[in-house]
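Taking it in order: structure first as structure tokens, then the write-up.
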There are 2 protein chains.
Amino acid sequence: MKSTLTINSANSTPPSKGMFGKLPVAPAYRVVFDTIEKLVMTGKLKPGDILPTETELAERFDINRSTLREGIRLLEQNGLVVRGAAKRLTVSVPHIVDLTSRISNALILHDVTFRELWETYIILEPALAKLAAENATEEIIKKLEDNLESMIACGEDADCFNKLDYEFHDLVAEAACNRPMLIARQPISILMMPAAHAILPRLNTYDRVIVAHRKILDAIRAHDQSEASEWMHKHTTDFKRGYESLGFDAGEHLVNSGFDASAGIKPQA
Amino acid sequence: MKSTLTINSANSTPPSKGMFGKLPVAPAYRVVFDTIEKLVMTGKLKPGDILPTETELAERFDINRSTLREGIRLLEQNGLVVRGAAKRLTVSVPHIVDLTSRISNALILHDVTFRELWETYIILEPALAKLAAENATEEIIKKLEDNLESMIACGEDADCFNKLDYEFHDLVAEAACNRPMLIARQPISILMMPAAHAILPRLNTYDRVIVAHRKILDAIRAHDQSEASEWMHKHTTDFKRGYESLGFDAGEHLVNSGFDASAGIKPQA
DNA sequence: GTTGTACAATTGTCGGACAATGAATGGTGC
DNA sequence: GCACCATTCATTGTCCGACAATTGTACAAC
């Protein structure tokens, strides 16, 4: 951190280099991004606002349109602007799904282990179930009921079952009305999907899953927070037990769950 | 989800709209992004690999350099490439801090409430303390000790104290060796900072904080997981009590904690 | 009111160009 | 031979101008 710097250190290197670590002269396209990002974050630009055309923006910033466009790409990737109906740039709010898929990609690249995912999941899922029992609306309870019915109708069609299982937990998370926790859970859920797909057909846990889901749903409907939390805890622990009884090592990397895992879901981007 | 769609629904809307959701004809710069992203995610490009020059890449993709550069910007903002030492593009893995600051920005724009932050925080912090008690290395315990000493030496310098408080919790989270949880915690921690700054000098809770930190540190050092978890729970609850006793409403929006909150930290990006 | 058409605006893409800057190279002195 | 310096070169950041494709708009026709 070079906490102590003396100006008069005329011993080794000329003072023009070495100290004064390069002051942040950002390329123009980055300045464009920073500027507009700040405008959005400070509320001077609100979601839904339509930006001027590229030509006009370039004129105002006094840069070339190509350069401006590079800045726009940064904003676009950040989800702060989208090219709206009329192709015009409109200010937007980053979608949760964009964030979560980005996070899961990053976790994959960081070689996250199943142990880490699991440790977090076993914390979040019961907490979300508890909050769901507190906050669930009639509407979402209806969706949960539909989900459970479909799952029963599913029989032992593993693909169908897994999809509905994933959806059930997603709905519970949504019912909790807590976005930070939702964002934390989603990437983990995505990354654990391959494991879920591997477990179900080999261990034949269909019945156990349905029983657990029903208990959880009942608890949510009854606003019984501790019951919801406890059953979700059991249910999630079951999942880990299944994982381990298949001979997987929880410390093992998940690298090759790979790209399709994150790209496979993206429900309605 | 429009699960059932019949072709012959010639009743209301013409079939050319409504169904056939826009087929994915992506602009070239986006194809560049998708292509290279996939190469990274599938491991065909590994972190540290140096990409060809812009001119060469443009030639290979058979597009103009300007167009290619727009694609590069998308990758850059995603953290998948950085312009390395020699200005050459280098494949990289997204830094955690980039993710977390993006998440906190998104949460701000989504008008997240203190209630949501709190509900998540009270779950994560004890869990992290528990894991820290399990996994903390000597090295990080040393850092925690240093932090506690500095905090005591800090006296009632609120700025110094808050900074060290923030750092302490960061260190505990780091000690837990769990990146999903780390990523989940960090944005919340960032967003709650303004609240922490408001509470401390007005309620004079310096002593209570130090006592709690010492208890937590002792528990981590002794690998006493439940003790670490419990004290962290108390400590975090204290924080909320402070927040409420200042008359804030937990359901209140945090919009105007605004931009500086997220930009203020960024330790060493 | 709906349909169709002509026109204008805007974006996506292209080709070429150049200054600044870091890297590589080669010459020079010891 | 090795260290040091100047030159050359490659590459990026930026600019300019241009054009096809697409889309919004205005207006005419039914």
Side-chain angles (χ1 to χ4, degrees), chain A residues 11-18 20-36 48-77 79-92, chain B residues 10-18 20-36 48-92:
Chain A
N11 42 13
S12 60
T13 58
S16 56
K17 284 204 184 290
F20 307 134
K22 56 165 178 281
L23 46 156
V25 51
Y29 62 82
R30 182 151 291 280
V31 177
V32 170
F33 169 74
D34 290 336
T35 304
I36 298 186
D49 287 357
I50 295 182
L51 291 181
T53 66
E54 295 182 353
T55 318
E56 188 174 341
L57 270 178
E59 280 173 7
R60 290 209 212 167
F61 285 132
D62 194 30
I63 58 174
N64 189 273
R65 190 164 76 98
S66 306
T67 307
L68 176 97
R69 279 174 64 86
E70 295 190 29
I72 299 291
R73 293 304 150 250
L74 297 180
L75 291 166
E76 175 185 331
Q77 186 62 15
L80 270 69
V81 305
V82 293
R83 44 214 172 310
K87 295 277 201 176
R88 295 290 296 271
L89 288 172
T90 51
V91 179
S92 169
Chain B
N11 41 11
S12 59
T13 57
S16 57
K17 285 205 181 290
F20 306 135
K22 57 167 178 279
L23 43 155
V25 51
Y29 63 83
R30 182 151 289 279
V31 176
V32 170
F33 169 74
D34 291 337
T35 304
I36 297 186
D49 287 358
I50 295 181
L51 291 180
T53 66
E54 295 181 352
T55 320
E56 188 175 340
L57 271 178
E59 280 174 6
R60 290 207 211 166
F61 285 132
D62 194 30
I63 57 174
N64 190 274
R65 192 163 77 95
S66 306
T67 307
L68 176 97
R69 281 174 63 85
E70 295 190 29
I72 300 290
R73 293 302 150 251
L74 297 180
L75 291 166
E76 177 186 329
Q77 186 62 12
N78 225 4
L80 269 69
V81 303
V82 293
R83 42 204 174 314
K87 296 274 205 175
R88 296 289 297 271
L89 287 173
T90 311
V91 179
S92 169

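Just so we're on the same page: letters track the sequence lines, and every chain starts at 1.
A/Thr67 is linked by a side-chain contact (heavy atoms from CB on, under 4.5 Å) to A/Ala28, A/Tyr29, A/Ile63, A/Asn64, counting only residues two or more places apart in sequence or in another chain. Legend: residues meeting side-chain contact (heavy atoms from CB on, under 4.5 Å) with A/Glu56, ordered by chain and number and at least two apart, are A/Pro52, A/Thr53, A/Arg60. Shown here are the side chain to side chain donor-acceptor pair (under 3.5 Å) partners of A/Glu54, two or more places apart in sequence or in another chain: A/Arg65, A/Arg69.
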How does each nucleotide of nucleotides 14-19 of chain D score, in 5' to 3' order, for protein heavy atoms under 4.0 Å: base (B), sugar-phosphate only (S), or none (-)?
BBB-B-
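The CZ atom of A/Phe33 lies 9.5 Å from the CD atom of B/Glu76; values are rounded to the nearest 0.5 Å. Between the OG1 atom of B/Thr35 and the CZ atom of B/Arg30 there is a distance of 11.5 Å, given to the nearest 0.5 Å.
Between A/Glu70 and A/Arg73, none of the side-chain N atoms (NZ, or NE/NH1/NH2) sits under 4.0 Å from a carboxylate O, so this pair counts as no salt bridge.
Of the listed residues (A/Asp49, A/Thr90, A/Leu51, A/Leu74), just one forms a side-chain contact (heavy atoms from CB on, under 4.5 Å) with A/Val81, and that residue is A/Leu51.
Distance B/Arg83 CZ to C/dA23 C1': 18 Å, rounded to the nearest Å. At whole-Å resolution of the value, CD1 in A/Ile72 and P in C/dT11 are 9 Å apart. When the P atom of D/dT11 is taken as reference, atom CG of B/Leu89 falls 12 Å away, rounded to whole Å.
Annotation: proximity of residues 50-57 of chain B to DNA chain D (heavy atom, distance under 4.0 Å) is found for B/Thr53, B/Glu54, numbered in ascending order.
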Would A/Leu89 and A/Ile50 count as a side chain to side chain contact (heavy atoms under 4.5 Å, CB included) here? Give the steps.
CA-CA 6 Å; A/Leu89 288 172; A/Ile50 295 182; over 6 Å; no
